[in-house]
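Below: one structure, written as structure tokens.
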Amino acid sequence: MTGSPYNLHVRYATPQIMRQLMLALLPAIGAHVWLFGPGILVGLLLCSLFAVGFETLVLLMRGQPLGFYLRDNTALVTAWLLALSMPTLAPWWLYLLGAFFAIVVAKHLYGGLGQNLFNPAMVAYAVLIVSFPIQMTQWAAPAQLAAHVPSLAEAFDLVFAGQGALSPDAYTSATPLDHLKTQLRTGTPMPKVMGQPLYGQVGGSGGEVVALMFLLGGAYLLGRRLITWHIPVAFLAAVAVTASLLQWHDPAQHAGALFHLASGGAMLGAFFIATDPVTAASTPKGKLLYAAGAGCLTVIIRAFGNFPDGVAFAILLMNIAAPLIDVYTQPRVFGTGGGKP
Amino acid sequence: MLTAILVMALGGLLLGGVLGWASVRYRVEDDPLVEKIDAILPQTQCGQCGFPGCKPYAEAISKGEADINRCPPGGEDGVKRLAELLGVDPKPLGEGLEHKPKSVAVIDENLCIGCTLCIQACPVDAIVGAAKQMHVIVADQCTGCELCLSPCPVECIHMEVVHEDVATWKWRYPVYTLHPTRPH
Amino acid sequence: MQDYLLLLIGTVFVNNIVMSKILGLCPFMGVSRKLETSLGLGAATAFVLTLASGASHIIDTYLLGPDLSYLRTLSFIVTIAAIVGFTEMFIKKTSPVLFRVLGIYLPLITTNCAVLGIPLLTVQEGHNFVESLLFGLGGALGFTLVLILFAAMRERLEAADVPLPFRGTSIAMITAGLMSLAFMGFSGLIK
Amino acid sequence: MTRPLYRFHGGVHPAEHKAESSGRPIATMPLLPRYAVPLRQHIGNPALPIVKAGDRVLKGQAIGQADGYVSTAIHAPTSGTVLGIEAQAVPHPSGLPDLCIVIESDGEDRAVDYQPLDWQHLDPSALRNRIRDLGLAGLGGAVFPSYIKLNPGAAQKIPTLILNGAECEPWITCDDRLMRERAEGILRGAAAMQAMLHADEIIVGIEDNKPEAAAALQAAAQQLGLAVEVALAPTLYPSGGGKQLTYLLTGKETPAGGLSTDIGVQVFNIGTAYSLYRAIEFGEPMISRIVTVTGHVGQPQNFEVRIGTPVADLIRQAGGELAGASGRLIGGPMMGFDLRNDAAPTTKAVNCVIVKSPALFPAAPPAMPCIRCGECARACPALLQPFELYWYARARDFGKAQGYRLFDCIECGCCSHVCPSHIPLVDFFRFAKDEVWAREREKEASEQARRRHEFHQFRLEREKQEKADKLAAKAVDRLKTVETGAADPEAERKKAILQAAIERAQKAKADITPKNVEGLPPEIEQEIADIDARRAKLRETAHAKDEDSE
């Protein structure tokens, strides 16, 4: 039987797509090391190790070819996305647990690559923040504000041995999003909060540069046509519009669009997580709807919810909606007036 | 206490009245589900399900008296489609029933004595012939039910598997070399 | 007006009857295999729930009052059963396939804990008549929403290579759990 | 050349590989000792053979006639003797054998007396029937009988006639060469088509990688004084698909599940136009076509090939397979299929034979899981969502696949071409389509069985009723006799008559009941008669034997 013999010259085969994704994450990782210290490298390493370990284990248990699937790099991409959304210098078992939920529960229980309904990294993140809220909100402080920036060796120590040697106050701080929430709840007016050094220029000291690097990486992916414009643009536009509306409604309680775009996981989510084709809506109209929903929910959860950042929950919520969105946004087929299947 | 009883009695009367009216207003005469089930059954009329034909089996399914996995000619596929229609889980074919490849009955013309017994047994009148004449099975109309095999006194009827040709050939399920597919 | 809107949004998303109150799981798991069916059940439940909370409110306010409040559960169940009976006949007449597909779940609306839970909750929280209707409608909309979202997910899941031990209901339960996890993101939105 | 072009969605641009074979002129195949003409060359009914083993035939003599509406005749490719009608290898993806009329050439290549068609004066319907009997069918790939497409239909007019010279598949150059070398014939055929369809305009669609062909057609049009618009379309596969070309040139979408005639357009391959020209000018039936032989062969080239030529001979004529050949493709690499047996003859559908080599056609890498990236949807000219179709076709959920409009897939292969996971998507769609068709056939058969079973039961019921009625009548009768007493001779006589009548009726009924020979189609009656004759003969021989032994 003929396969289709000409499908040998694709621009990027699936494993190469994953490699390109990781390449696009590098600038942000670099910026992170520069601005927050080398701690993130420990997280990336651990997450990768655990994720590949779990992937191997499950593949063995399911009797699937190891080399073939490990070479597709998808476990690594998931691991990196998870490490980048988790706090730096978290205890090692948090990474282990995260990798377990991402690779085993969210990915392989659904049949493995391409069949999962939820974004694995975001499932892991949500499980962790719901179960371990304290550990998940202790972020490394920006280098210029911290009393002490742990070296790579110290970072290993912190991750594996806990906080014996160093006082947490010396190197951690709340993220701007988290800080803003607590400050607003205690009644501090908005302009005064935003004036603090933690907030940097727009979205948080250090964090805003990392966000810029995610934007850069995303632009690379767009340029290589590995993602389409629909999801990032709709996501960021929805974040900006929702944030602006809220700010217009009550400037004393809500930060503006720029802050929301540059802080937290907005950029990471817009270019690298919401664009995961497996779990996102896949029709052009559906993508716009999906990403706009996610962006809007992100800001709403940030502004009103209990959790500091809403990206993960917003994306998971829209993951739930993606199959239905696809059903109702089927494009018009050639020679028909359109309609749903 | 009295009020409580009164209240409940009044409520009961009122609701009973509404339900009574509704049962008249929305009466359903026939159950069109039987037709839908019958449409899925392969109409071989072979009786392997234990019912004298496809329609009686369809009626039994719709009444919940028979399981959906009693039809071997329909195969797993037929069970799956019945399950889909009825919103239940598909299950393997019932015990002692197995799906055979489609075949048709063929009469050995040298043996046939023209007794007409098979003609009477055929549920779809696919056998033509008259007394003391050779009988012929019209292959296009034969459903492969095998009901004509046992009545034949000289055992001149046998089943022949229908082989595929260029016109009935189907593209096979594409084979993956490494990616294991869901077993069916 | 804003309060009504908040109440509706709150019951649909934040305090979703299935995802955060974990009520009504029986039809949620049972009738979510196909999108069309779940739409049908959702509509039927919405109809029953809205009527039931309105009717319960009337019964509680005008018939039972504070003296006979011990009759609440009893009288609500009777009311719901009657409404379900009516709905059943109506669906049997108008859509026999839906009737057959809903099967046992249609009469089970009667014992769907969500359907009894919402009228009881609305009475407990002292809602007025409009609020009761909205509470019922919101609960039903929330139920229908997650039901059809879940059904669309399951339709796709149906074709996935789920490992054998997890196929069918178990992966559906896991999915429902992960959905619930995602809905936790709404927590704190509306007090 | 001012016609605006409408770019269709998607499409791909695979490596063209046209230069290998387009540089050489069309060569003629030498006469071969044997030809095998398949009865089935297109959808619809295969031709009915009208010759038998041992018959002498002349070149161009009809050897099979159209059977039903969607069917055409087939003709002897040369003069010689019919060796038989046998199942043998044919060019079909299944690799299954099919019936062919095998003709042994006598080397004389004597043709029947061709009669040109006086097409301008013939009654349109008679003309179409002549075209059917000359075996004309579309040479673009679908091989749909041309006489049906040349019917302007109830509207008596199809405004736009499109000639398809796009030839978008890689490797294939037969249309290119035909346009370069025989442009005048093509346009004369097109003029006849225009007249038969009462078309207002003729547009020839050609991809812009064939400027020589376009120039040749333009020159020929000028020479003939025929108003033909030659439109150069950008090279983008599948611009040669009927629906795509129609959209490209007119901006009109052929309705899904409909025909281009629904929007006032009829599309013919340029090869078909040339064959029509040969048919009407010379009365020549469709006994040959141009075939590209290319790929890993000594000298890739186009040949004028008689229908029924074994593919092996064709490849030999093109310099033979080079060392390391790894198979043969019939058709282009995007939509073609592997040929299993090179003894298979060419048909009207075979436009190209490609010999594969591992360098030109490396084995497909193993397929990865689909990640729903959507590349296929962006490449799909039918605006489908192939990854959804694949998802459900893979799980054998054909209902869902049809919901995602499986049958609007034109199997062009663009999705497989771009898939980053190397999934053979089209193979899945072909599989799903065939399964659906098979089910449709089964459903039809079961519907027929149901009706027959219902009639069977009705018949049993009726017979039972008749029997009961008769018994009742008899009982009533007997009762009367008892009441009236046996003394009445008149009554006695009546009773005897009645009894006799009842007995006669019963006897007649017994004779009739098991009989099931009424209203049979003649072929089955024929079959029964044949068998009875055989049995009678057998009995005789048996008797004879008995007598011999005595």
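In this text the structure is predicted, and so the values were computed from the model without any measurement. Proteins get letters first, then strands, A, B, ... in listed order; numbering begins at 1 in each.
In summary, the aromatic rings of A:F214 and A:F271 are positioned with their centroids too far apart to meet the 6.0 Å limit.
With a 4.5 Å cut-off on non-hydrogen atoms, D:F8 does not touch chain A at all. Looking at A:L113, the atoms closer than 4.5 Å to chain D (heavy atoms on both sides) sit in the backbone and in the side chain alike. In this structure, no portion of A:T74 lies under 4.5 Å from any heavy atom of chain D. Proximity to chain A (any heavy atom under 4.5 Å) is shown, for D:Q402, by neither the backbone nor the side chain.
Considering only heavy-atom pairs separated by less than 4.5 Å from chain A, the leading option among D:T254, D:V12, D:L384 is D:T254. The most heavy-atom pairs under 4.5 Å with chain D, out of A:T228, A:L226, A:V278, come from A:V278.
Shown here for D:A432 and D:L406, the closest heavy-atom pair between the two residues is CB-CD2, 3.7 Å. Pairing each heavy atom of D:G413 with each of D:V426, the nearest pair is CA-CG2, 3.5 Å.
No hydrogens or angles considered: a donor-acceptor pair under 3.5 Å links the side chains of D:E207 and D:S239.
Of the charged side-chain nitrogens involved, at least one lies within less than 4.0 Å of a carboxylate oxygen, so that A:R332 and D:E253 count as a salt-bridged pair.
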